[in-house]
Each structure stands twice: as structure tokens, then as C-alpha cells.
Amino acid sequence: MSAVDGAGPYPIAPRRVAFDWKATPLHWIPDEPTATHVINVLHLLLPAGERWFVKVFKEGLPLVTDPGLLKDVKGFMGQEATHSVQHSYVLDHLAEQRLPTAAYTRHVDFLFEKLLGESPPFGAPVGAQEWLRFRLALIAAIEQFTAVLGDWVLRAEGLDRAGADEVMLDLLRWHGAEEVEHRSVAFDMYEHCGGSGPLRYARRVEGMLVVAPVLAWLWVWGASYLMRHDPELARRQRYSLRGHNRAVARGLLPAWRELGAAIPRYLRRSYHPSQEGSLRRAVEYLAASPAARAAAGAVGRAAMS
């Protein structure tokens with residue numbers, strides 16, 4: 001359970017949102033293909049990544065003995081499954097705009113389904129319990145970054161000033177708000193199931209040391225792929241650090257310092273993700289989000305029928 005500024009706990013639960021992509025342009029941040037495609041990397045990674053989160057947590061459910069954590073974990077799984085589906089619809093929309101992504105996403109699928117699947121790859125001599133704990137540590141580290149990104153997008157007024165597509169902004173902010181809402185669940189799941197003593201902390205460090213460089217590599221590769229295959233650019237513009245930094249300066253992408261600072265915070269022994277972001281800001285956005293409001297209305301109408 002989470003609490004908003006001492007107002008008491010409330011449940012983590014999925015919202016059955018839907019988005020209409022028909023009017024969303026390929027460059028949904030006008031005249032900003034670099035910022036558009038850096039953020040679009042989320043759509044490349046999250047369908048497979050968040051399906052994998054759910055699979056790993058299903059493996060860990062029998063180990064959860066705390067009823068409150070069990071309830072939060074199930075709510076987390078429902079939210080992540082919904083995120084996966086909604087981002088996959090964006091991939092369909094990109095394909096309709098002549099930007100196919102399968103040549104990239106097949107590598108992402110291989111990463112999560114084969115290299116990080118239920119059994120260690122290549123017959124590695126790792127026991128089932130340790131393999132599960134390692135993957136839970138990876139998810140906890142990934143969720144550190146999703147919480148930071150979620151809080152950033154809720155504050156990213158530069159996107160509004162730039163005239164970003166309202167539907168895409170709602171998707172990103174609904175998702176970001178739910179990442180802040182469940183920011184502690186993966187960490188708590190790992191701490192609960194990850195054993196005790198120095199080895200549990202060492203594995204948490206190991207998770208971040210794996211996740212940070214791999215995420216950075218996947219992101220640069222993904223942005224480069226999208227810009228290289230963007231039919232409106234026709235190879236006239238490529239991903240570059242200069243273009244990325246210009247977008248950062250305009251408030252269209254998070255600052256490198258903000259992302260980098262998330263790592264040493266996470267590595268502190270006393271760290272807990274409840275310190276990340278503003279849960280009140282997230283809850284306020286979820287109350288105002290067009291997609292979340294429509295989903296709540298649909299649930300209410302179904303309950304009354």
C-alpha cells in the first residue's frame with residue numbers, strides 16, 4: 001500500500017485505459033525528431049520488458065509472506081501488464097506511419113525471453129533461487145529509472161510549450177504517474193525475497209551495475225534506429241549527442257545529471273524508493289488524466305449496470 005503525504009494508504013491497481021492514435025503525427029513533438037524518437041524508445045523496450053516483469057514476479061509470488069506486499073505486487077503486475085499492452089499499440093501506430101520496428105524489437109524480445117528467461121542462458125550453473133533473486137534485483141534497478149523518468153515527465157513543461165501531441169503526453173504521464181505510484185514495489189519485492197545480510201545488498205548493487213549501462217546502450221541504439229528508419233527524415237538526420245543535448249536544454253528530455261544522480265542514491269545502503277518523486281503530483285495527474293478518467297468512468301458505469 002502507498003500513502004499520500006500522510007493521508008493514509010490506498011491500493012495500487014491497474015487502470016484500463018485506452019488511447020486513440022489516429023491523429024498523432026509521427027513527430028509528435030513538432031520539429032523535434034530527436035526528442036520524439038529518444039522518448040519513442042520507451043515503446044520499443046516496454047512491451048517486452050514489462051511482460052517480463054510480470055513473468056518474473058509470478059515466479060516470486062509463492063515466496064511473498066507479507067499480505068500487504070502481496071497485494072501491492074499483484075497491483076504492480078496489473079499495472080505493468082496494462083503498460084505493456086498500451087505501448088505495443090504505439091508500435092502498431094508507428095508501423096502504420098511507415099516506421100516498422102520489428103528489426104529492433106526482436107533483439108529486445110530475445111533479451112527478455114531468452115537471456116533473462118525462467119532458466120539461466122547457455123546452461124549457466126546458477127541455481128533457481130539465485131537466478132530469481134538476480135532478476136528481481138534487475139527489475140528493482142530498472143524501476144529506479146522508471147520512477148525518475150515518471151516524475152520528470154509529470155514536471156516536463158517544455159513538452160507542453162513545444163506543442164507535443166496531447167494523446168502521447170497523456171500516455172506518457174499516465175504511465176509515469178503509475179511508475180511513481182508503485183515506485184517502491186519492485187524494491188520491496190527484492191528486499192523481501194532476496195535473502196539477508198551483505199549478499200542481498202551486493203546483489204542490489206550488481207543489479208544496478210548491469211542495468212545502467214545496458215539501458216544506456218539500448219536507448220542510444222533505439223534512438224539511432226528510429227531516426228535512421230524515419231521515413232520523414234529520409235536519412236537526412238541521425239541521432240547525435242549534440243541534438244540530444246539541444247532537446248535537454250529545451251526541457252524536452254531529462255537532464256543527464258538527473259538520470260545519473262539516481263544511481264548513487266540507489267546504491268546507498270539506507271535507500272528506499274519512497275524518497276523518489278512526488279506521489280501527490282502523480283495522484284493528482286491520475287485524477288486529471290483524460291484516459292484514466294475515462295477508464296474510471298467505464299468502471300463506474302459497469303458497476304452500476
Got a donor-acceptor contact below 3.5 angstrom from the Asp151 side chain to the Ser278 backbone? yes
Checking Glu178 against His175: is there a side-chain donor and acceptor pair closer than 3.5 Å? no
Looking at CZ of Phe53 and CG of Leu138, how far apart are the two atoms once the value is rounded to the nearest 0.5 Å? 9.5 Å
Arg200 vs Tyr190, test: side chain to side chain donor-acceptor pair (under 3.5 Å). Steps then yes/no. CA-CA 9 Å; Arg200 181 174 66 179; Tyr190 170 70; over 6 Å; no
Under a 3.5 Å threshold, yes or no: a donor from one side chain and an acceptor from the other, between Gln79 and His182? yes
Within the 3.5 Å criterion, strictly below it, is a donor on Asp109 or Tyr104 matched to an acceptor on the partner's side chain? no
Check step by step if salt bridge (Lys or Arg N to Asp or Glu O under 4.0 Å) holds for Glu80 and Arg51. CA-CA 7 Å; Glu80 297 290 34; Arg51 284 196 306 271; over 6 Å; no
Judged by atom type as modelled, is there a donor-acceptor pair below 3.5 Å linking the side chain of Asp170 to the main-chain atoms of Ala291? yes
Less than 4.5 Å apart, any side-chain heavy atom of Arg242 and any of Arg246? yes
Give a yes or no on whether the ring-centroid distance for Phe76 and Phe57 is below 6.0 angstrom. yes
Is the backbone N or O of Ser274 less than 3.5 Å from a side-chain atom of His272, with the two atoms forming a donor-acceptor pair by type? yes
Can you confirm whether the side chains of Asp92 and Trp21 place a donor and an acceptor under 3.5 Å from each other? no
4.5 Å side-chain heavy-atom contact, Arg280 and Tyr285: no
Applying the 4.5 Å side-chain criterion to the ILVMFWY set and letting contacts propagate, would Leu215 and Phe110 be lumped into a single cluster? yes
Working note: Lys55 + Glu113, criterion salt bridge (Lys or Arg N to Asp or Glu O under 4.0 Å); need CA distance, chi angles, decisive distance, verdict. CA-CA 10 Å; Lys55 289 178 183 178; Glu113 294 173 10; 5.1 Å; no
Considering residues, nucleotides and ligands other than Gln129, do more than 12 of their heavy atoms fall under 6.0 Å from its CD? no
Have Tyr271 and Glu276 got a donor and an acceptor in their side chains that come within less than 3.5 Å? yes
Note, Thr101 side chain near Leu226 side chain (heavy atom, < 4.5 Å): yes
Between Leu259 and Leu149, is there a side-chain heavy-atom distance shorter than 4.5 Å? yes
For the atom pair CG (Asn40) and CE (Met227), what is the distance rounded to the nearest 0.5 Å? 11.0 Å
Answer yes or no: is there a side-chain heavy-atom contact under 4.5 Å between Glu232 and Gln237? no
Donor-acceptor pair, Trp131 side chain versus Gly117 backbone, under 3.5 Å? yes
For Asp160, enumerate each residue passing the salt bridge (Lys or Arg N to Asp or Glu O under 4.0 Å) test, keeping only those at least two apart in sequence or located in another chain. Arg173
State, with a plain yes or no, whether a side-chain heavy atom of Arg265 is found less than 4.5 Å away from one of Val148. yes
Can you tell me which residue among Phe112, Trp221, Trp217 is in a ring-ring contact (aromatic ring centres under 6.0 Å, His included) with His107? Trp221
Please answer whether the main-chain N or O of Ala177 pairs with a side-chain N or O of Arg281 as donor and acceptor at a distance below 3.5 Å. no
Hey, can you tell me if His244 and Tyr239 have their rings parallel, tilted or perpendicular (30° and 60° cut-offs)? perpendicular
Minimum side-chain heavy-atom gap Thr36-Leu26 below 4.5 Å: no
Test Ser84 against Glu50 for side chain to side chain donor-acceptor pair (under 3.5 Å), laying out the working first. CA-CA 6 Å; Ser84 174; Glu50 296 192 297; 5.9 Å; no
I want to know whether His93 and His43 have ring centres closer than 6.0 Å. no
If you count every heavy atom of other residues, nucleotides or ligands that lies below 6.0 Å from Gln275 atom CD, does the total exceed 12? yes
Is the closest side-chain donor-acceptor distance between Arg16 and Thr82 under 3.5 Å? yes
We want to know whether Asp66 and His192 form a side-chain donor-acceptor pair, criterion being a heavy-atom distance below 3.5 angstrom. no
Is there side-chain contact between Val41 and Leu218, with at least one heavy-atom pair below 4.5 Å? no
How about OH on Tyr89, more than 12 heavy atoms from neighbouring residues, nucleotides or ligands closer than 6.0 Å, or not? no
